[in-house]
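Reviewing the structure listed below.
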Protein chains: 2
Amino acid sequence: MEDVYIGAGRALDPDKYFIVVVNQIGSGLSTSPHNAPLPFNGPRFPRVRIGDDVRAQHKLLTELFGIRSLQLVVGGSMGAQQTYEWAVRYPQMVKRAAPIAGTAQTTPHDRLFSETVIEAITSDPAWQQGWYQQPHAVQQGLRRHARLWGVTGFSTEALRLQKWQELGFSSLDDFVVGFLENYFLPMDPNDLITQAWKWQHADVSRHTGGDLAAALQRISAKVFVMPIDEDMFFPPRDCRREAELIPDAQFRPLKSLWGHLGLFGLEPSYSEQIDACLNELLSL
Amino acid sequence: MEDVYIGAGRALDPDKYFIVVVNQIGSGLSTSPHNAPLPFNGPRFPRVRIGDDVRAQHKLLTELFGIRSLQLVVGGSMGAQQTYEWAVRYPQMVKRAAPIAGTAQTTPHDRLFSETVIEAITSDPAWQQGWYQQPHAVQQGLRRHARLWGVTGFSTEALRLQKWQELGFSSLDDFVVGFLENYFLPMDPNDLITQAWKWQHADVSRHTGGDLAAALQRISAKVFVMPIDEDMFFPPRDCRREAELIPDAQFRPLKSLWGHLGLFGLEPSYSEQIDACLNELLSL
């Protein structure tokens, strides 16, 4: 995934910048239900929030690397939520921020969607309250979960135009199985639920007693708010509304017919837009 | 539901017109899996299509009532699909047509959505391949099915603005349970699946070997294509594209922040727009 965003000659150029890429808690690579030590493993894994991610990242940067200032915090989807959390929680440390295809406060629509993906997994009898024998045992729930991502993760236009053909899939069903089920099936059900719950509860206004405007006013970073124009989870108007609450933020929508999962960099024009925006932001 | 569209002084005025309101096959009121005589009951109920509805309606109108000409065919959602089917299948009989919030050909997005609502029901262990003891036994599947309607049935804006408060609900969860679960739970699972499958396979181009343009060219009715501007199932651009294939059709989007389920007439301005459009169409 980092190849979509980082590379020599790109805006995020590792020859030019010290780039730290972190996986979020519960992602399956970072500390997660499936790899946590006893007794905190599986469904006993604590409910973690975006703030927990960012506090852990802050410790990593300050204590391990001795970093005191960040030229740019950038991330997509839940990475955007972390970006907002960084800019609100540690305003003095973040010089620039680029939240891509995500919001600072989860909307009711996205809360309901994440509820349905959680239910898709937990309704599988093999789920057994999270004490399944093997992750793969919950495959029917995982497949249902994957299909729900297909309904909202891609734009109606992407599906109408059969853009799956560009990726080598022969039909909608082939695409849903070969792309979405293939992507989600190797994942651990408890890990996925940890992430979905975290998305569901993301809200920078936890710092200001529920006042979103007050939370976003705290930001001193230069911010480019970068929604994807066809995103059905984070429609540009939701992101624009938040951008208007951030001092001097610029609203920079990206074009991708794919919708939210355009984040995967499924077309060359996506990376070009990312580079153009981030180069401009980094030059400010 | 007919109260939203029909009444004295309204465009559809029963004092002025002979108005026939039909329920679709599988709806639970018309012939449906739960009330079909043996051996065609339950999951043995045949797969019916929009064309079967319209052929049955045609028989009703011509054989029972002796009607040879229709001043207007109008319907919302799957009713819009039937409206298109009427205008394509019996072009000489339909003088005017007003498909509201629906398409003549189901889009890949909607096909995938209807797949997920079918799976929500059939994945309930109580489903038992459709041979459940009582409809209510499948309540967990029915509740999941209801929640999926919440994600796409209402616009992201409606949920953001907490428009459920206008209907007397106190929270998103209260709304999902009190409105959506309450609406769908009394229904029969096989009935719902019959309808979902029918939606999924709606396609007037079955008359023309898959050529949608050729099918819509057959229409001789005056047509107002009336999507709902915030509809996430049938976005206006999908409806506009079809409108452009219909000779002399007019594109008349309706405003409703509710999105697709604005069809329920959840705000007074909706019925006003319906009347204005249909009055104009009926005057042509």
Side-chain angles (χ1 to χ4, degrees), chain A residues 103 105-127 140-141 143-165 171-173 175-177 180 200 230-239 241-242 259, chain B residues 103 105-127 140-141 143-165 171-173 175-177 180 200 230-239 241-242 259:
Chain A
T103 51
Q105 184 181 59
T106 296
T107 61
H109 174 266
D110 292 349
R111 188 145 59 87
L112 187 55
F113 173 81
S114 40
E115 187 78 28
T116 63
V117 295
I118 291 172
E119 287 173 342
I121 292 174
T122 59
S123 60
D124 187 331
W127 161 254
Q140 289 192 28
R143 288 177 198 269
R144 279 200 299 279
H145 165 282
R147 277 163 185 261
L148 293 180
W149 280 94
V151 175
T152 318
F154 303 108
S155 77
T156 55
E157 281 297 272
L159 299 181
R160 184 185 70 83
L161 294 167
Q162 306 189 8
K163 282 177 73 73
W164 56 73
Q165 292 178 348
S171 67
L172 177 59
D173 289 341
F175 178 53
V176 169
V177 176
L180 287 172
Q200 208 170 21
E230 291 279 351
D231 196 321
M232 293 171 73
F233 290 123
F234 307 101
R237 62 183 166 194
D238 284 345
C239 299
R241 205 170 285 122
E242 293 183 341
Chain B
T103 51
Q105 184 181 59
T106 296
T107 61
H109 174 267
D110 292 348
R111 186 143 62 86
L112 187 55
F113 173 82
S114 40
E115 187 78 28
T116 64
V117 295
I118 291 172
E119 286 173 341
I121 292 174
T122 59
S123 60
D124 187 331
W127 160 253
Q140 289 191 28
R143 288 178 197 268
R144 279 201 298 279
H145 166 281
R147 277 162 186 262
L148 292 180
W149 281 93
V151 174
T152 317
F154 303 108
S155 76
T156 55
E157 282 296 272
L159 299 181
R160 184 186 69 84
L161 294 167
Q162 305 189 10
K163 281 177 74 73
W164 55 75
Q165 292 177 349
S171 68
L172 176 59
D173 289 341
F175 178 53
V176 169
V177 176
L180 287 172
Q200 208 171 21
E230 291 279 351
D231 196 322
M232 293 172 73
F233 289 123
F234 307 100
R237 62 183 166 194
D238 284 345
C239 299
R241 204 172 286 121
E242 292 184 341

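All chains are named by letter (A, B, ...) in the order of the sequence lines, taking the proteins before the strands, and each is independently numbered beginning at 1.
- With a threshold of 4.5 angstrom between heavy atoms, B:D110 does not approach chain A through any atom at all.
- Heavy-atom pairs under 4.5 Å with chain B were tallied for A:Q162, A:Q140, A:E230; the largest tally goes to A:E230.
- Among the candidates A:R241, A:R144, A:R143, the residue making the largest number of heavy-atom pairs closer than 4.5 Å to chain B is A:R241.
- B:L172 touches chain A through its side chain: at least one heavy atom from C-beta onward sits under 4.5 Å away, while N, CA, C and O do not.
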(request) Check step by step if salt bridge (charged side-chain N to carboxylate O under 4.0 Å, His left out) holds for B:E242 and A:R160. (result) CA-CA 13 Å; B:E242 292 184 341; A:R160 184 185 70 83; over 6 Å; no
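- Residues B:F175 and A:P108 have side chains not in contact (no heavy-atom distance under 4.5 Å, counting atoms from C-beta outward).
- Counting all heavy atoms, side chain and backbone alike, B:P235 lies closest to A:T156 at CG-OG1, 3.8 Å.
- Looking at heavy atoms from C-beta onward, B:L159 lies out of side-chain contact with A:T107 at the 4.5 angstrom threshold.
- For chain A, the nearby part of B:R237 is the side chain; its heavy atoms alone come within less than 4.5 Å.
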Side chains of residues 115-122 of chain A: which donor-acceptor pairs under 3.5 Å do they make with residues two or more places apart or in other chains?
unit_1: A:E115; atom_1: OE1; unit_2: A:Q200; atom_2: NE2; d: 2.9
unit_1: A:T116; atom_1: OG1; unit_2: A:F113; atom_2: O; d: 2.6
unit_1: A:T122; atom_1: OG1; unit_2: A:I118; atom_2: O; d: 3.2

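- Within the 4.5 Å cutoff, the side chain of B:E157 has no heavy atoms near those of the A:H109 side chain.
- In terms of heavy-atom pairs under 4.5 Å with chain B, the best-connected choice from A:S123, A:G150, A:S155 is A:S123.
- With contacts defined as side-chain heavy-atom distances shorter than 4.5 Å, the pair B:L148/A:L148 qualifies.
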